[in-house]
Structures are given as C-alpha cells and as structure tokens.
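Following: one structure in structure tokens, then a few remarks.
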Amino acid sequence: MPPPTAVPEPSTAPIRFNDGSEYERYMGAWSTEVGRQFLDWLAPAAGQRWLDVGCGSGAFTAWVAQHAAPAALHGVDPSDAQLVYARQRTLQPPAQWALGDAMALPYAAAQFDQAVMPLVIFFVPEPARGVAEMVRVLAPGGWASAYAWDMAGGGFPYHLAQQLLRELGCPVVLPPSPEASDLPTLQALWTQAGLTQVQTTVFTVQRRYASVEDYWQTLLCSPSLSAELKALTPPQLKDLQARLRERLPLQADGSVLCSARAHAVKGRKG
C-alpha cells in the first residue's frame with residue numbers, strides 16, 4: 001500500500017485585501033447574508049452609535065445603516081483600497097471611515113454602544129487584544145460582538161476549493177488566528193475580556209452561483225487563493241477544475257448552491 005499523501009503545511013504569507021470590488025464579489029454576498037442573521041440575533045435598539053471593526057468594503061456597515069436605525073456609524077479597516085470602495089456607499093446616516101488596526105483602534109474610550117467584528121477576528125494576530133480594544137471604546141452598557149466562519153469545522157464558504165488544493169499538494173494561505181473562530185474560544189475571549197451576558201450561536205447560510213464558471217471566476221477574486229490558483233500548472237489546473245465540477249453542489253438549472261457556517265458571540269460591557 002502506498003504511503004498516505006502528506007498534507008501540505010498552510011502558508012504563512014499574509015492575506016491582503018487590496019481590491020474592494022473583487023472582495024465584494026468574492027465575500028460581500030456571503031457577508032450580507034450572514035450579517036442579516038447576525039443583526040437579527042443582536043436585536044439592537046435604534047439610535048445607537050456603531051463601530052464596524054474591520055469593515056472592509058462596508059457590506060455589513062451598509063446592512064446596519066439600512067436595518068438598525070443607528071444614530072452614528074463608523075467603520076475602521078487596515079486597507080486603504082477597501083476603504084476606497086466603502087466610501088462609495090451612500091448610507092444614512094453617512095458612515096465615518098477610518099484607517100486603523102483592530103488591536104489599536106483610533107478612537108477614544110467609551111465612544112460607542114455597539115462594536116462589531118464581522119468576519120474579522122481570525123485575521124487579528126492577537127484576538128484578545130482586539131476584543132480588549134472593542135471593550136475600551138464601548139460605553140458602559142454597550143455590546144461587543146463578532147461572527148466568524150467556522151474554519152476548523154469546514155464552514156468557510158470556499159472550504160471545498162481549499163481542500164482540493166491541498167489534495168493537489170498546494171499549501172493554502174490561512175488567517176493568523178483561525179482558532180479564534182471556534183465557539184469555545186470565542187466564549188473564552190469574551191468572558192476573559194470582562195464582558196457579561198456572553199452568548200454564542202451558529203448561523204448557516206447559502207449562496208447561489210449562476211454556474212460553475214461563475215463560481216470559478218468568483219474564486220479567482222480570492223485574496224487567499226488566487227495566487228495559488230494562478231501558480232498551478234496546466235495539468236493541475238485541469239485536474240482542479242474537473243474535481244470542482246464533480247464535487248460542487250450543482251443544481252438542475254446549472255447553478256451552484258453552496259452553504260457556509262458561521263459562529264457568533266456577543267457580550268455586554270458592565
């Protein structure tokens with residue numbers, strides 16, 4: 001019997017989001033769908049001051065503006081390119097966008113009623129520092145919350161593509177803190193930050209791609225997978241595309257209906 005194929009080590013190269021429109025195609029629809037469920041779960045009062053930490057292209061920020069009746073809306077992200085895209089959104093109230101690091105937020109203490117990290121905490125090198133910063137900028141009684149793809153459990157929307165690349169012997173770029181997406185870890189981070197009334201939940205969401213080709217072109221927009229896909233040899237590329245066609249959830253009309261799973265947490269500042 002031949003020896004088992006070794007699983008390639010994950011790449012340590014940083015994942016950079018440098019194109020807001022490509023990221024919007026790749027992740028915006030997913031973010032909006034899980035963000036809808038997340039906001040319903042938060043059930044926030046109207047007229048609150050919101051901070052979206054790691055706002056990216058502003059997909060979740062826009063959902064808050066449309067459905068939470070905020071008194072003020074701020075978004076902070078480390079990517080200038082993402083903020084360029086976010087600033088093109090017409091929101092009411094108008095959002096205030098800032099360049100900044102989740103572990104050193106550019107805000108004074110006690111400025112917000114809601115601080116959220118949508119699909120961000122696994123990108124924070126020191127998640128506990130990120131949570132502490134959210135707590136710092138919250139007013140007493142405010143809520144810190146987050147949701148993250150279930151990375152360890154295969155809940156990432158493009159988990160299949162990652163798995164197939166590994167089968168081809170290609171290392172896959174992972175975020176710096178994938179363990180932060182686990183429910184027990186999220187619970188511990190929020191509790192250790194001194195938050196009370198800590199709760200967690202799980203969301204399952206779906207997204208339909210028009211065709212396998214639509215899925216493939218969307219995959220090429222991935223900041224974590226595009227380099228690996230473009231580096232494949234022609235035989236590897238043909239093999240990967242064949243495997244995708246075999247294993248993607250293809251529907252009778254030729255569309256592709258994919259599922260993903262996210263973990264969420266919230267807690268109140270005393």
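These numbers were taken from a predicted model, which means no experiment stands behind them.
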Distance-only polar pair, side chains of Ser255 and Arg208, donor-acceptor under 3.5 Å: yes

Go through the structure and list residues passing side chain to side chain contact (heavy atoms under 4.5 Å, CB included) with Arg245, not counting sequence neighbours. Val212

Have a look at Cys55 and tell me which of Leu83, Val76, Val120 forms a side-chain contact (heavy atoms from CB on, under 4.5 Å) with it. Leu83

Throw together a table of side-chain donor-acceptor distances under 3.5 angstrom for residues 58-67, partners on residues two or more places apart or in other chains.
from	atom 1	to	atom 2	distance (Å)
Thr61	OG1	Asp52	OD2	2.6

Go through the side-chain N and O atoms of Ser57 and Tyr85 and say whether any donor and acceptor fall under 3.5 Å apart. no

If you measure from the Lys or Arg side-chain nitrogens to the Asp or Glu carboxylate oxygens, is any gap between Glu228 and Arg166 under 4.0 Å? no

Considering residues at least two apart in sequence or located in another chain, which fulfil the ring pair (Phe, Tyr, Trp, His ring centres under 6.0 Å) criterion with Phe112? His74, Tyr107

Check this for me, if you would: do Arg25 and Asp214 make a salt bridge, where the nitrogen-to-carboxylate-oxygen distance has to be below 4.0 angstrom? yes

Looking at Arg207 and Glu33, does any basic side-chain N land under 4.0 Å from a carboxylate oxygen? no

Are any side-chain N or O atoms of Tyr209 and backbone N or O atoms of Cys258, one a donor and one an acceptor, separated by less than 3.5 Å? no

Would you mind checking if Arg136 and Glu133 are paired as a salt bridge, meaning a charged N to carboxylate O distance below 4.0 Å? yes

Relative to the ring of Trp149, is the ring of Phe156 parallel (under 30°), tilted (30 to 60°) or perpendicular (over 60°)? perpendicular

